[in-house]
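Here the structure is laid out as structure tokens; the discussion comes afterwards.
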Amino acid sequence: MRLPLTRVIRSAATTPALTVALISVVALAATSARAQVGGGGGDDVGTAPPPRTGPVTFYAGEVTNRLADASDGQAQREERIKIPVPSQGPEIIYTMTNLGGTVYSAHLQHERYQRDPLPDFPGIPEEKKAGGPIDVVSNWSPSVLPFRAAFRDLSVAEKMTRVVRRATGGTLKDGRLLSPTPAEAAAFAVSRPVLKGDVVTVTAPPEVAGEYTVANVGQGGSITVDEKKPFPAKDAAGVVYEVKRVGAILDIFKSDPLFTRVTEKAGFPVVYVWPDPKTDTSGVYLEKRFEVGDHPHELLLSYAVHNFGREPVKVGMGLAINGWQHPATKSGNPFARPTNIESASCRTNESLEHVEWPKLHEQAVESYGNGQAAQATHVFVTPTDWVAVGTQYFEVAAVPVRPTPGGECILSATLGADANGRLVDGKWTLTATYMDGPAQDLTGVSGGCVPGWLGKADGITCEAALKTLGLDGEANRAAVKAAWSKLRSEGGDTAKLDAAQDAFMNRRQFVYRFKLFMGPKDSALLEATSPTLRDSQQLGMFGFISKPLHSILVWFEGGVGSWALAIILLTIMVKLVLLPLTNKSYRSMQKMQLIKPKLDALKREHGGDRQKFAQEQMALFKREGVNPLGGCLPMILQMPVWFGLYQMIYSSVELYHAPMGLWIHDMSAPDPYYVMPILLGVLMFVQTWLTASTATMDGLQAKIMKYGMPIMFAAFMLFLPAGLVLYIFVNVALTIVQNLWIRRDMGVVKK
């Protein structure tokens with residue numbers, strides 16, 4: 001491989017047509033090397049492919065239980081499951097929570113993915129501001145954790161009943177049920193926050209038994225009932241009561257998104273259900289199943305809407321990802337993009353839409369100032385491939401397995417206010433939402449199978465139906481029909497097979513399937529989840545150049561084991577590839593230097609006659625074979641490559657906290673002592689000394705190019721990542737060597 005590559009480089013140095021070919025060939029080889037190393041009613045919505053069937057790898061987790069703070073000092077039971085993936089030597093540790101039935105945190109375990117503690121701010125949980133492994137989930141409130149359902153419509157004719165408290169041993173004092181102590185709350189069969197309007201049913205003692213309406217909820221969860229029907233007694237002990245919430249399913253879901261885990265083992269796969277199938281009564285249930293995907297940073301989510309009632313349900317649903325921006329986070333400087341600013345993005349209509357938090361915040365404040373909601377919303381009603389929230393190097397993304405043509409992307413920010421209507425600093429949410437197509441009717445069909453977790457219905461469970469058909473795990477209609485046909489042809493029990501197939505085909509559910517990504521914007525990981533997800537790296541209009549160059553950079557690093565050396569090798573390679581263009585440009589500049597004395601003589605002779613001077617100047621250029629644009633055009637042709645290189649190095653998460661050596665420990669951050677920018681300024685001075693003063697420049701222009709440009713360029717470099725400065729430093733050094741060789745070859749002597 002080395003000999004042919006060397007020959008190609010030599011050929012490219014003399015043949016401009018091979019410039020792009022060399023980059024393409026090396027990029028293809030680099031990509032190949034990386035690949036070898038690599039690490040409608042009743043079924044799927046849209047035309048999603050079959051889910052994975054067969055045994056699923058189980059990842060064990062560690063369970064912790066706590067009483068989570070809720071409104072008015074009330075508490076609710078929260079179960080968290082800490083799950084390392086892989087189990088040994090994990091790359092990421094997920095924490096799942098039943099508050100929202102989703103991911104509470106995702107801590108990256110690579111030694112370079114560390115952060116300093118976040119500045120203290122009211123309301124931030126300790127685990128969300130602690131230093132150490134980076135948590136790519138930036139939010140913590142159950143209502144705004146990632147991967148929550150965003151309903152366009154969930155219309156159910158029947159009301160549901162949600163049990164929010166089931167208690168014994170309550171105390172009635174002065175006509176009010178006192179707040180339960182933490183020990184009492186922990187002993188309750190059901191303990192969730194109570195709201196005004198809930199119904200209290202007391203069964204003991206007899207003198208208090210009856211049904212009442214909650215008029216007020218005090219601090220800690222004390223209950224005062226409607227004065228139209230107060231408790232018959234003012235004081236009582238040993239009160240046995242139950243608090244229920246009756247209403248529309250969507251209203252109750254928004255007020256109480258506490259899911260119930262129905263999988264026996266704690267770990268992946270994990271299944272959460274809402275409402276609680278053991279205590280609540282509803283014709284519609286929501287089921288969320290998470291399992292590990294094709295790599296540790298990918299989870300598979302199946303979000304099902306079940307209709308167990310007889311009436312049809314109109315379902316229009318999507319998935320929302322939320323983020324939070326710390327108020328103390330700085331927005332960078334005029335010369336370099338910030339790396340820690342949250343943004344919402346999506347790939348829609350085959351293009352990247354990206355909005356950073358400062359812009360959304362500004363728009364939301366402006367909207368609030370105009371008397372409207374403190375919200376900024378960007379809606380793209382075009383086919384959407386994915387949505388994401390994250391920073392320059394890390395993100396949380398959701399990719400619909402098969403996006404529907406009517407899918408939408410919604411990027412928004414919502415600001416919160418206090419009781420006086422004043423905006424509260426830090427009380428905000430950044431959201432990227434994938435909204436599926438128009439709402440559909442999920443009919444109520446009898447005779448369908450039900451999930452085993454329901455535990456209430458007569459007839460066959462879907463798990464038993466699949467087992468009868470020889471299937472394990474999840475399956476769709478196509479897989480069931482194929483298994484049923486195969487087993488019947490092999491002489492199976494037709495009655496059982498027919499019953500199993502009919503039960504499955506008549507199940508009443510919509511399933512929305514997503515691939516979830518949580519981790520660094522590593523191109524290999526992004527592409528493993530979805531080829532289009534790599535666009536989230538924001539490589540810009542020159543991404544077609546940045547992508548192959550990035551593959552080459554990673555390839556070089558795999559060979560030399562150092563990102564700094566890989567950048568140097570990439571710089572040398574690009575320099576060799578562009579040698580035909582740069583040679584032509586610099587030689588043209590040197591020719592202009594050679595004729596400068598003759599041009600100065602023309603100025604002295606015809607300085608007062610501009611027209612005559614221009615004619616003589618053009619005649620001089622023609623006699624000497626000099627093209628005044630010859631030095632500019634080749635430079636312009638190189639600019640796409642330079643912009644592509646700049647964007648690629650600036651966006652490479654591989655350089656995050658990667659040491660260069662000596663005093664630089666993070667190539668994604670500026671040089672802490674400004675050594676390289678200063679040395680680069682010196683090299684720039686040498687370069688301009690060799691090339692800047694051309695025949696067409698006057699004295700002032702020449703001085704600006706000679707002294708001003710190096711100083712200004714060095715000032716810019718103070719704020720850029722050290723990895724990018726290293727590339728520019730090596731490139732300038734090679735340019736100086738190239739110019740010295742050209743000057744020697746042309747016999748140019750600097751006076």
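Quick caveat, the model's predicted, so the values are computed rather than measured.
With hydrogens and angles ignored, the 3.5 Å screen pairs no side-chain donor or acceptor of Arg77 with any backbone N or O of Asn65. Ser141 places no side-chain N or O within 3.5 Å of a backbone atom of Val144 that could act as its donor or acceptor partner. Between the Asn98 side chain and the Glu79 main chain, a donor and an acceptor come within less than 3.5 Å of each other. Panel note: side chain Asn506, backbone Gly448; no donor-acceptor pair is recorded below 3.5 Å. In this structure a side-chain-to-backbone donor-acceptor pair under 3.5 Å is missing from Trp453 to Thr263. Here the side chain of Arg165 pairs no donor or acceptor atom with the backbone of Pro193 at under 3.5 angstrom. A distance-only check finds no donor-acceptor pair linking the side chain of Asp441 to the backbone of Thr443 [under 3.5 Å]. At distances below 3.5 Å, at least one donor-acceptor pair connects side-chain atoms of Arg192 with backbone N or O atoms of Val163. Under a 3.5 Å cut-off, the side chain of Glu91 and the backbone N or O of Pro296 do not form any donor-acceptor pair. Judged by distance alone, with hydrogens and angles left aside, the side-chain atoms of Asp436 form no donor-acceptor pair with the main-chain N or O of Gly318 at under 3.5 Å.
Classified by interplanar angle (parallel below 30°, tilted 30° to 60°, perpendicular above 60°), the ring pair Trp324/His326 is perpendicular.
Salt-bridge annotation for Glu490 and Lys486: present, with a side-chain N of the basic residue lying under 4.0 Å from a carboxylate O of the acidic one. Contact check on Glu78 versus Arg66 returns a salt bridge, with a Lys/Arg side-chain nitrogen under 4.0 Å from an Asp/Glu carboxylate oxygen. Here Arg152 pairs with Glu408 in a salt bridge; the nearest charged N to carboxylate O distance falls below 4.0 Å. Look at Lys128 and Glu126 and you find no salt bridge, because none of the NZ, NE, NH1 or NH2 atoms lies under 4.0 Å from a carboxylate O. Between Lys314 and Asp153, no side-chain nitrogen of the basic residue sits less than 4.0 Å from a carboxylate oxygen of the acidic one, so the salt-bridge criterion is not met.
Using modelled atom types, one finds a donor on one side chain and an acceptor on the other under 3.5 Å when comparing Gln538 with His354. Side-chain contact, Thr95 with Ser105: a donor N or O sits under 3.5 Å from an acceptor N or O. A side-chain donor-acceptor contact under 3.5 Å links Thr431 and Asn322.
Between Gln501 and Thr468, the closest side-chain pair of non-hydrogen atoms is not below 4.5 Å. The shortest side-chain heavy-atom distance between Arg162 and Leu258 falls under the 4.5 Å cut-off.
Considering every non-hydrogen atom in both Ile252 and Arg245, the closest pair reads CD1-O, 3.6 Å. Between Asp280 and Pro275 the shortest heavy-atom distance is OD2-CB, 3.1 Å. Looking at every heavy atom in both residues, Gly61 comes nearest to Ile81 through CA-CG2, 3.9 Å.
Both tests pass for Lys288 against the ring of Phe259: distance under 6.0 Å to the centre and angle within 45° of the axis. Cation-pi geometry between Lys521 and Phe394 is not met at under 6.0 angstrom from the ring centre and within 45 degrees of the axis. A cation-pi contact, defined as under 6.0 Å to the ring centre and within 45° of the axis, links Arg80 to Tyr104.
Note that the CG atom of Leu145 and the CH2 atom of Trp140 stand 10.0 Å from one another [nearest 0.5 Å]. Between atom CG of residue Leu487 and atom NZ of residue Lys496 there is a gap of 12.5 Å, rounded to the nearest 0.5 Å. With rounding to the nearest 0.5 Å, the separation of CZ in Phe514 from OH in Tyr303 is 10.0 Å. Here the CE atom belonging to Met96 is positioned 15.0 Å from the NZ atom belonging to Lys82, to the nearest 0.5 angstrom.
Remark: of the listed residues Phe510, Tyr512, Tyr434, Tyr512 is the sole one forming a side-chain contact (heavy atoms from CB on, under 4.5 Å) with Met317. Of the listed residues (Asp535, Thr532, Thr384), just one forms a side chain to side chain donor-acceptor pair (under 3.5 Å) with Arg347, and that residue is Asp535.
Between Trp555 and His550, the ring center distance fails the sub-6.0 Å criterion. Within the 6.0 Å centre-distance limit, the rings of Phe268 and Tyr94 are counted as a close aromatic pair.
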Run the side chain to side chain donor-acceptor pair (under 3.5 Å) check on Glu298 and Thr529 step by step: do they pass?
CA-CA 7 Å; Glu298 177 184 285; Thr529 295; 3.0 Å; yes
Evaluate side chain to side chain donor-acceptor pair (under 3.5 Å) for Thr494 paired with Arg488, printing each intermediate quantity in order.
CA-CA 6 Å; Thr494 56; Arg488 279 178 61 96; 4.7 Å; no
Under the side chain to side chain donor-acceptor pair (under 3.5 Å) criterion, do His306 and Glu287 qualify, and how do the steps go?
CA-CA 8 Å; His306 298 273; Glu287 176 188 358; 2.6 Å; yes
